[in-house]
Every structure is written in structure tokens, then in C-alpha cells.
Amino acid sequence: QKEVEQNSGPLSVPEGAIASLNCTYSDRGSQSFFWYRQYSGKSPELIMFIYSNGDKEDGRFTAQLNKASQYVSLLIRDSQPSDSATYLCAVIYYGQIIFGKGTRLHILP
Amino acid sequence: DTAVSQTPKYLVTQMGNDKSIKCEQNLGHDTMYWYKQDSKKFLKIMFSYNNKELIINETVPNRFSPKSPDKAHLNLHINSLELGDSAVYFCASSQDLRSGNTIYFGEGSWLTVV
């Protein structure tokens with residue numbers, strides 16, 4: 001059974017702090033990893049992807065992948081109220097994409 | 001010039017009715033999907049089509065029937081609607097996921113069955 005696990009939250013983070021979102025996956029054959037952001041009443045939008053072990057930075061966002069431990073995380077620096085949303089982790093297993101249930105992030109002004 | 005577009009965006013209908021949701025993508029992708037997101041926000045795949053052929057058909061009632069007239073369109077028809085069908089339905093598309101691609105979602109169709 002392929003699984004992608006996320007803490008559902010809500011995760012509350014003060015404005016300006018670093019928000020850390022985590023995701024674990026069950027299959028070592030996973031190849032690609034994505035983070036989507038979904039605002040309430042909107043569709044999921046892709047914000048980060050990572051394929052190789054290590055860190056990948058894009059603006060205030062950093063994705064971290066550790067294949068040995070089977071986790072992928074998303075760090076959001078200098079959190080803004082506009083970052084309040086649900087963040088979905090997605091993992092591709094042999095041509096199929098599996099979504100986690102998402103973590104609700106709430107940035108406190 | 002929306003990449004993945006679906007209509008209608010909102011749909012309120014009575015139990016027992018039949019309704020359709022249409023989806024079109026202009027990204028040139030080979031694969032299209034239908035996802036259901038319920039009140040708990042869990043995103044669950046329903047169907048996947050690759051070049052008009054069904055490749056994923058998760059356990060959904062056979063009242064749900066997808067139709068793909070060409071690779072740019074994937075419509076969802078629902079017969080005999082039930083209260084439990086109320087959800088947001090997302091259409092999505094992608095290129096081959098084995099090549100590092102990912103999927104892109106339409107704006108969603110909010111279905112309410114009363």
C-alpha cells in the first residue's frame with residue numbers, strides 16, 4: 001500500500017517565523033516529490049518540486065529530501081499571513097501520483 | 001487562456017438527477033484525471049485517462065462515468081446523484097509522470113446535492 005503521510009495540523013506559526021511542514025512516504029521506489037498549496041475554496045497549485053537528496057531553494061521556500069529516511073519537508077521562511085493555506089505533499093511512484101491529506105498552516109499576524 | 005478549465009464551477013442539484021462536468025486542457029498533455037475532494041479536504045483520484053484510454057479507475061460507484069472524446073477533453077457524467085456526492089471535483093492533466101512531470105489542476109467544480 002503506497003502511502004504519503006502528513007500531520008493534518010493546524011500548524012500555527014507567528015508571522016516572520018519559519019514554518020516547517022513534513023511528509024513521509026512508504027515506498028523507496030518513489031522518484032519525484034512535490035509540494036502543492038491550496039487556499040480555501042481554490043484548487044491545489046504547484047509551488048515546489050524536488051528529485052534529488054538535499055535542499056532546493058526557491059525564494060522563501062526550501063524543499064528538503066532525504067530518501068534514506070523517506071521524508072520530504074517544506075520550509076517557509078519569513079512566514080506571511082498569505083502563506084496560510086493547506087499544503088499537500090505529493091509523491092510519484094512508478095508513474096502514479098499519490099497525495100498526502102495535507103497540513104493546514106495558519107500564520108498568526 | 002486557462003490551462004485546465006472545467007465547467008460548471010458551481011452546481012446545485014436535487015437527489016436523483018443526472019449531471020455532467022466538462023473539462024478541457026490546452027497544455028498538450030496526454031493524461032487527464034478526475035479527483036474528488038470531500039469536506040475533510042482529502043484529495044482522492046477517481047479516474048485517469050491517457051490518450052483517451054482509461055488507465056486508472058478507482059473504486060467509485062458506477063453512477064460515475066468518464067468520457068474522453070479526445071486527449072484534450074475529459075468529461076464526468078454522474079447518474080442518480082446522491083447526497084454523498086456533494087464535494088469538489090477537480091479535473092487535472094499531466095505529461096508522463098515517470099519523466100519528472102507533475103499534474104496541474106483545474107479550478108474545481110463545487111457540486112451540492114440537496
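Here is how names work: the chains are called A, B, and so on, in the same order as the sequence lines, proteins then strands, and each is numbered from 1.
- Scanning residues 71-83 of chain B against chain A with a 4.5 Å non-hydrogen threshold yields no residues.
- Contact of A:Leu88 with chain B is made through the side chain alone, with heavy-atom distances under 4.5 Å.
- The shortest side-chain heavy-atom distance between B:Phe105 and B:Val4 does not fall under the 4.5 Å cut-off.
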Chi angles and distances behind the side chain to side chain contact (heavy atoms under 4.5 Å, CB included) call for B:Met32, B:Cys23: CA-CA 9 Å; B:Met32 296 185 71; B:Cys23 180; 3.6 Å; yes
Listing needed: what donor-acceptor pairs below 3.5 Å join chain B with chain A?
unit_1, atom_1, unit_2, atom_2, d
B:Gln37, OE1, A:Gln38, NE2, 2.9
B:Gln37, NE2, A:Gln38, OE1, 2.9
B:Gly100, O, A:Tyr51, OH, 2.5
B:Thr102, OG1, A:Tyr36, OH, 2.6
B:Ile103, N, A:Tyr36, OH, 3.4
B:Ile103, O, A:Tyr36, OH, 2.6
B:Gly106, O, A:Ser43, OG, 3.2

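- A heavy-atom distance below 4.5 Å is found between the side chains of A:Phe34 and A:Ile92.
- At a 4.5 Å heavy-atom cutoff, the contact between A:Leu46 and chain B is made by side-chain atoms alone.
- Rounding to the nearest 0.5 Å gives a distance of 13.0 Å between CZ of B:Phe47 and CD1 of B:Ile55.
- Of the inter-residue distances, the one linking B:Leu11 atom CG with B:Asp85 atom CG reads 11.0 Å to the nearest 0.5 angstrom.
- We find the OG-NZ distance between B:Ser20 and B:Lys22 to be 7.5 Å, quoted to the nearest 0.5 Å.
- For the side-chain contact (heavy atoms from CB on, under 4.5 Å) test, residues two or more places apart in sequence or in another chain that qualify with B:Pro61 are B:Arg63, B:Phe64.
- Other residues, nucleotides and ligands place no more than 12 heavy atoms under 6.0 Å from the CZ atom of A:Phe49.
- Put simply, the side chain of B:Phe90 does not reach to within 4.5 Å of the side chain of B:Ile103, judged on heavy atoms.
- Within the structure, the disulfide (SG to SG under 2.5 Å) test picks out the following pairs touching residues 19-65 of chain A (sequence neighbours left out): A:Cys23-A:Cys89.
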